[in-house]
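See structure below.
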Amino acid sequence: MKKVLLSSAIVAALLFTGCSSKDPSIDATNGAGSGQNANNNANTEAVNATDIMVNENNTADSNEMSMSALESQMQSVYFNFDQFSLSNSMSEKVSDNAALATTKASAYMIKVEGNCDEWGSDEYNYALGLKRANNAKAMLIENGVSSERISMVSYGESNPVCNDKTKECWAENRRVDFKLLP
Amino acid sequence: MRYILLLCFVIFNLNSADLTLDISKQVDSLPSLVIENSSGVNTTLNKRFLRSLISDMNVLSIFNVDRHSLIVDFDDTDISREARKSNYVLRFKIESLDDSSYRTEIKFFEYNKMVLQKSYTIHKENLYVFVAHAIAYDVNKVMGEESVEWMKNKVIIAKLSARNESEIVITDYTLTYQHTVIKGGLNVFPQWANKAQDAFYYTSLGGFKPTLYRLDTRTGKKRKIISSDGMMICSDVSADGEKLLLTMAPSGQPDIYLYDVRSGRYQRVTKYRGIDVSGQFMDKENIVFISNRMGYPNVFSKKIGAKSVEQMVYYGKNNVACSAHKEYIVYKSRETSNAFSPNTFNLHLISTKTDFIRRLTATGVNEFPRFSEDGSVILFIKNYKNQSSIGVVRLAYNKNYLFPLKMGKIQSLDW
């Protein structure tokens, strides 16, 4: 469905742009100089702004209800500021998740999502989220989950569960979530 | 005495807060400029264009620009009586043409002597800001100043609109023109694919693995480039568009890779079990990047293919982003270990040839610095008091300008 939507959007964009000037330009005609009017050195400055828009909205799959129910039992784990190591209590939560993944949720793939607080959108922050996810993945494997079933992604600061400007809120965002995929 | 005063002025500027477009009394020594509006009808376009033109003239940093414009006939041979107090006069007229396009004509006077006359046409009203940028470029050229070609560049940003939702938007450096090219899902780190700015790379985080795509803005054709577990970011594109510096983590360890666009082959550039990210080309053979190989994030350089790395920055213990131009490096540094300080991250400029360090910002979270192609300007993201802005640093003029985003938060940019 997503591919159909995407293709439709592109085809629509192509049709639309085929009927209009897709690359508007500034035509700059120069007539400068020392108090005299002139019309030489004409040139065109391409702006190349585009009207194309690709819509990448995801659509929900109707057979994911049971998967969602299992996913809700997966526990998120949290990290200290600028840290990516798992505390003992958080390690226990990952072990519980691994137990679920190897029993009731054994039919699903697992996506381990690393997240950070809002202090920076640069790559280093994404890498910090990745290191958190990687530690969680290692513990899942240690507890019997096949590495073939696990993928990782770091969302950096772009997936916050709390938007307040407080220490407590930022602590909620420094986390790893566990999602199930068909 | 004169040198002492000059030194005081420089120190004041280096330590002052970011300047906005409200130019202060520091610029009283600059020649004055007034704008004459000859458009006749006071349309919304006319008002917006005038605002953009005044803004651009200010950003040129060579005039003391009068905030109030005068109304005159475009064909008057002399400048108006009120304008004679000013050293320079810029007269403009916008008119709508029959085919729904617009023509803008200008005359630029120096002490009542016309030194530039030019006209510009656009085929869509919303492109008016690019006319203002083109006029500023031409006026600056007539004044014999360092080129402001960068003003005419398109800027591409990823804008976070909600949790796990972003848009990729083509804009200009003032965020006045905005066109959304990708909407829906989480797509981040757009990077122009070439100098023509007719295609760009971006990271999609919606699938099973982070994936890099290339979108051609002329055709709308989207092509998958490569995916990696954990992280996949195009950090930089070589000047000829043939090579990409990618941050990938196929085994869970973020490292920098050099990707050949034509062959699709890639080679690992850094091999470190910690974090290596944000590769930026210094030239064809050398890169700078961010690594925590000394226990904290800092800026390093290396020759592609060589084993050794060189530490580039010796100031700051948490330097997490950088950009390079020739011998200059601009980097983001944490000023305090207190995450709740209002003065958390600032940008600093260094030269690899001297010990010179210059702090470029003073308040808020300042990040994602990117040099212009000629190195004269740094574009960056500023987040301060729930407001996300594009910041412009004109290095030679020691001026900062901010252009706020009305809604959402800027995640990354390229220009």
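Here the structure is a predicted model, which is why all the values come from computation and not from measurement. A, B, ... follow the sequence lines: proteins, then strands. Residue 1 opens every chain.
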Under a 4.5 Å cut-off applied to non-hydrogen side-chain atoms, are B:Val188 and A:Tyr126 in contact?
yes

Bottom line for B:Ile290: the part with an atom under 4.5 Å from chain A's heavy atoms is side chain

Check B:Leu186 against A:Ser158 and note the closest heavy-atom contact, atom names and distance.
CD2-OG, 3.3 Å

Heavy-atom closest contact (A:Ser151 atom, B:Phe208 atom, distance)
OG-O, 3.1 Å

Select, from [options], the one with the greatest count of heavy-atom pairs under 4.5 Å involving chain A.
options: B:Asn318, B:Thr247, B:Leu205; result: B:Leu205
options: B:Gly274, B:Ser228, B:Pro254, B:Ser291; result: B:Pro254
options: B:Asn164, B:Asp172, B:Asn153; result: B:Asn164

Does atom NZ of A:Lys179 have more than 12 heavy-atom neighbours from other groups under 6.0 Å away?
yes

Would you find more than 12 non-hydrogen atoms of other residues, nucleotides or ligands less than 6.0 Å from A:Asn80 atom CG?
no

Which region of [X], side chain (C-beta onward) or backbone (N, CA, C, O), has a non-hydrogen atom less than 4.5 Å from a non-hydrogen atom of chain B, or is it both or neither?
X: A:Asn163; answer: neither
X: A:Lys137; answer: side chain
X: A:Ala127; answer: both

Test side-chain hydrogen bond (donor to acceptor under 3.5 Å, both in side chains) on A:Glu123 and B:Ser235; report intermediate values, then the result.
CA-CA 8 Å; A:Glu123 288 188 33; B:Ser235 309; 2.6 Å; yes

Rounded to the nearest 0.5 Å, what's the gap from [atom1] on [X] to [atom2] on [Y]? Could you check?
X: A:Leu130; Y: B:Ile275; atom1: CG; atom2: CD1; result: 8.0 Å
X: A:Asn125; Y: B:Glu367; atom1: CG; atom2: CD; result: 8.5 Å
X: B:Arg163; Y: A:Cys162; atom1: CZ; atom2: SG; result: 11.0 Å

Given the rule in the side-chain contact (heavy atoms from CB on, under 4.5 Å) test, do A:Met152 and B:Lys209 qualify, once you have shown the distances and angles that lead to the verdict?
CA-CA 7 Å; A:Met152 288 188 296; B:Lys209 289 181 178 180; over 6 Å; no

